[in-house]
A.B. asks: 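This is the structure, below, for whatever I ask next.
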2 protein chains.
Amino acid sequence: MRGMGATIKDVARLAGVSTATVSRVINNDPRIAPTTRERVVECIRSSGYRINKIARSLKINKTHTIGFVAPELANDFFMTIAKGVEETVAAAGYSLLIASSNENAAQEALRIDLLIEKCVDGVIIIPATSNGRHFIELREGGIPVVLADRLVSDFPADAVLVDNVQGSREAVALVIEEGCERIGFIGGDLDLTSAQERFKGYLKALADHGVRPEQAIIKFGDFHIDSGYALMRELMEEPNPPEHVFISNYYMHIGATMYLVDHASTLPRVPAIAGFDDMEFTSLLGFASVTVKQPVIEIGRRAAELLIRKIEAKDKNPNQPARPRFQILRLPGELLVRDRPQKTILARSDFHLQK
Amino acid sequence: MRGMGATIKDVARLAGVSTATVSRVINNDPRIAPTTRERVVECIRSSGYRINKIARSLKINKTHTIGFVAPELANDFFMTIAKGVEETVAAAGYSLLIASSNENAAQEALRIDLLIEKCVDGVIIIPATSNGRHFIELREGGIPVVLADRLVSDFPADAVLVDNVQGSREAVALVIEEGCERIGFIGGDLDLTSAQERFKGYLKALADHGVRPEQAIIKFGDFHIDSGYALMRELMEEPNPPEHVFISNYYMHIGATMYLVDHASTLPRVPAIAGFDDMEFTSLLGFASVTVKQPVIEIGRRAAELLIRKIEAKDKNPNQPARPRFQILRLPGELLVRDRPQKTILARSDFHLQK
DNA sequence: CTCAGTGATGTAATCGATTACATTATGCTA
DNA sequence: TAGCATAATGTAATCGATTACATCACTGAG
């Protein structure tokens, strides 16, 4: 913290006024005489005074800080949401206290405790698991919450996320309509609502077209690169592998692609991939046919807007809002159709370490 | 902020003790009688009391918060540094106030002002530009600073970064030793020290081997995908394009690869790429020969450790540390050698929007 | 028995702001 | 010119903790 900066008292003494007057100048209270204001402003400058927002927060009971909890920081998807959030809250005069839950409900609970103690004005959470029991402490503390990307059980709340069912349903439908009915599925842990919903969309698309789902070519893992790699292997080692695979997240898509690149030469037929998520590098993944592009930044922006609205509503009317219904905003995904799956082969080489 | 939570006063009343006693219990002061402690603890639980760290911070003049300023949030490299920082500071009991400078010195200055006013205990900055004049306000406020990844002029400070010169020098040397002397260069804005240093390493490697640099195949841009794409085009449109190109950052490497993929069929010869940075997706970039892998998380960890040491030193001895010399920690990069540049072609297709 | 020492707890000032309320000065009306 | 509205500023309580110092009870030494 600041070592020995001037305080409001120092400025007051210097300007020969009371601290109340200085405070009013700082806060642009209109009933300060222009000449006084000028003198105070000058003293503020000459003393190098800077407001201490900790003191201010204590008094006005508002920190202008919002908490953001994500399962992981080094993750393009989550951090693009964070970017949307930061943009939006910064424009509204808030700053962002960020915490990683490390994909772990216990750590998530700890981080939330900390945010509460630090008196954040609101919180945006990308839940680590489907377990939201520990979020109720926020509610008890009267802290507005908005969830992003995923929902949780035990804790109904406002949330902003993509329309997962619709997205995967459309992508899979498109593949079927192009003439391929046997579509494999690679998905994330069904504990996560996003994984559930994307699976549901897949099943719906099949049902819409009278296609019966086939156990053997439906695989679940955990939304990470390695899992995508492993599951694509499992699929390709089936007696009768599918010619098209729907992969329900970006990182699994990458892992699966890596597997195909590594084994392209030995596979009888390289499948095409329909994928959920279209991120910065998706266009480099050689086997993609269709992808569902999430409006990722927009998810962050909307979540932040919603949160700020809630905070300001609460500021105006601090007694029970008792709003009984929560708002779940499902933004539409965008279907990106690529050329027919390429026949060319993507190159990948493992490296060996030198020296 | 919290609506109506119990305060230390409420707990004190409930337990029939003074607030001092409650505070001592909270802070594990040993001279509290076991029976009293028990009673107070029970009252804390039953009242749902949580400490208000804002009030505490005001009194003890320490927020246990550190600021982190990066040029961009949705960036794998910066956020991997952030991950290392978060891990480390969280373990030491600090939390992270994060801000994006949007690659813009003016915004950077604003964010730093805000961090000062919020009384952070220290700051880690990945500078947006080489201009560090606005950092001196931190010094004046007595706030410890550590820079990461880049240095700035006008503000000598502790810093943690990779050894850029050494990394690019080794990578380029390796290419030369493999028999290719005409190596193109694609680099970032020389305003950034990282861009400067990597260029310097390139030149040094050439000089080491008696190779004269060739203006026409040395191109500068801005460390982004589009710039990499554009510069690779420029290079390939030279009358006599090089057969090997050194690209001095991850995103430019990606952009350049995209250009090559898009134009592989029309190019007389697709160059191999030696690159600075080896990130999650580098192995998917088909033309890489050698890459310099930065210890990215480690940069974040070390920066955080250094900062925390400085903070704690200052806590112990708040008067002028006046340490005259700053510590610049240059971590070694790791050279990753891939198989010879692939002859296979990576596939990429642009998409068209449907519906 | 007295008194110093020790342990447990309380009193009250303090951190740096904000703000309700009080006070004073000023101008305007009748 | 009295009287009152209004403008400008000051006084002091307050936010919720921490902590130096004071107090008090008890123990054991002399």
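First the proteins, then the strands, lettered A, B, ... as listed; each starts at 1. Model, not experiment: these values are computed from the prediction.
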A.B. asks: Find the distance B:N61:CG to C:dA17:C1' and express it as a whole number of Å.
C.D. replies: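 So the two atoms are 14 Å apart, to the nearest Å.
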A.B. asks: Would one find a side-chain N or O of B:S18 under 4.0 angstrom from OP1 or OP2 of C:dG10?
C.D. replies: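 Yes, because at least one side-chain N or O of B:S18 sits under 4.0 Å from OP1 or OP2 of C:dG10.
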A.B. asks: What are the two closest non-hydrogen atoms of A:A148 and A:I299, and how far apart are they?
C.D. replies: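 Heavy atoms only, the tightest pair is CB-CG2, 4.3 Å.
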A.B. asks: Of all heavy-atom pairs between A:P156 and A:R139, which one has the smallest distance, and what is that distance?
C.D. replies: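 Scanning both residues, the minimum pair turns out to be O-NH2, 2.5 Å.
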A.B. asks: Counting any heavy atom closer than 4.0 Å, what does B:S23 reach on the DNA or RNA strands: base, sugar-phosphate only, or nothing?
C.D. replies: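 Contact class for B:S23: base.
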A.B. asks: How would you label the contact of A:V22 with the nucleic acid (heavy atoms, under 4.0 Å): base, sugar-phosphate, or nothing?
C.D. replies: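 The residue A:V22 makes no contact with any strand.
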A.B. asks: Report the distance from atom CD1 of A:I8 to atom P of C:dT14, rounded to the nearest whole Å.
C.D. replies: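 To the nearest whole Å, that distance equals 18 Å.
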A.B. asks: Expressed as a whole number of angstroms, how long is the span from A:I51:CD1 to C:dT18:C1'?
C.D. replies: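 After rounding, the gap between these two atoms is 10 Å.
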A.B. asks: Taking the six-membered ring of B:F155, is the NZ or CZ of B:R133 close enough (under 6.0 Å from the centre) and on axis enough (within 45°)?
C.D. replies: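 Output no; distance or angle outside limits.
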A.B. asks: Taking the side chain of B:K59 as its heavy atoms from C-beta onward, which of D:dA8, C:dG16, C:dC15 lies nearest to it?
C.D. replies: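 Within the option list, the nearest is C:dC15.
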A.B. asks: Looking at A:Q107 and A:N102, what are the two nearest heavy atoms and their distance?
C.D. replies: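 Looking at all heavy atoms of both residues, the shortest contact is OE1-ND2, 3.0 Å.
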A.B. asks: Can you label the angle between the A:H64 ring and the A:Y94 ring as parallel, tilted or perpendicular, going by 30° and 60°?
C.D. replies: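 Rings of A:H64 and A:Y94: tilted, 30 to 60°.
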A.B. asks: Considering the options A:D158, A:L147, A:L161, which one meets the side-chain contact (heavy atoms from CB on, under 4.5 Å) requirement together with A:I328?
C.D. replies: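 Going through A:D158, A:L147, A:L161 one by one, the side-chain contact (heavy atoms from CB on, under 4.5 Å) with A:I328 is satisfied by A:L161 alone.
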A.B. asks: Rounding to an integer number of Å, can you tell me how far A:N27 CG sits from C:dT18 P?
C.D. replies: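 Checked: the CG to P distance equals 5 Å.
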A.B. asks: Here's a test of your reading of the structure: between B:A55 and B:T36, which maps to the more 5' nucleotide of DNA chain C?
C.D. replies: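 The residue closer to the strand's 5' end, by nearest nucleotide, is B:T36.
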A.B. asks: Using a heavy-atom cut-off of under 4.0 Å over every strand shown, decide if A:I32 touches base, sugar-phosphate, or nothing.
C.D. replies: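 If one applies the 4.0 Å heavy-atom cut-off, A:I32 turns out to touch the sugar-phosphate alone, with no base involved.
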A.B. asks: Could you give the CD1-to-P distance, from B:I54 to C:dT14, as a whole number of Å?
C.D. replies: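 It is 23 Å, rounded to the nearest whole Å.
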A.B. asks: Rounded to whole Å, please give me the gap between NZ in A:K62 and P in C:dT18.
C.D. replies: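 Those two atoms, NZ and P, are 15 Å apart.
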A.B. asks: Do any side-chain nitrogens or oxygens of A:N52 fall under 4.0 Å of OP1 or OP2 in C:dC15?
C.D. replies: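 Negative; the distance criterion is not met.
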A.B. asks: Below 3.5 Å is the cut-off: list the nitrogen or oxygen pairs between protein and nucleotides 20-28 of chain D, distance only.
C.D. replies:
from	atom 1	to	atom 2	distance (Å)
D:dA20	N6	B:R24	NH2	3.3

A.B. asks: Figure out the CD1/P separation between B:I60 and D:dG16, and round it to whole Å.
C.D. replies: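 Value for this atom pair: 17 Å.
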A.B. asks: Which heavy-atom pair separates A:M79 from A:L73 by the least distance, and what is that distance?
C.D. replies: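 Distance-wise, the nearest heavy atoms are CG-O, 2.8 Å.
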A.B. asks: Is the distance from OP1 or OP2 of D:dG10 to the nearest side-chain N or O of A:T21 less than 4.0 Å?
C.D. replies: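 The answer is yes; a side-chain N or O of A:T21 sits under 4.0 Å from OP1 or OP2.
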A.B. asks: Could you state the atom-to-atom distance from CG of A:D29 to P of D:dA8 in whole Å?
C.D. replies: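 So the two atoms are 10 Å apart, to the nearest Å.
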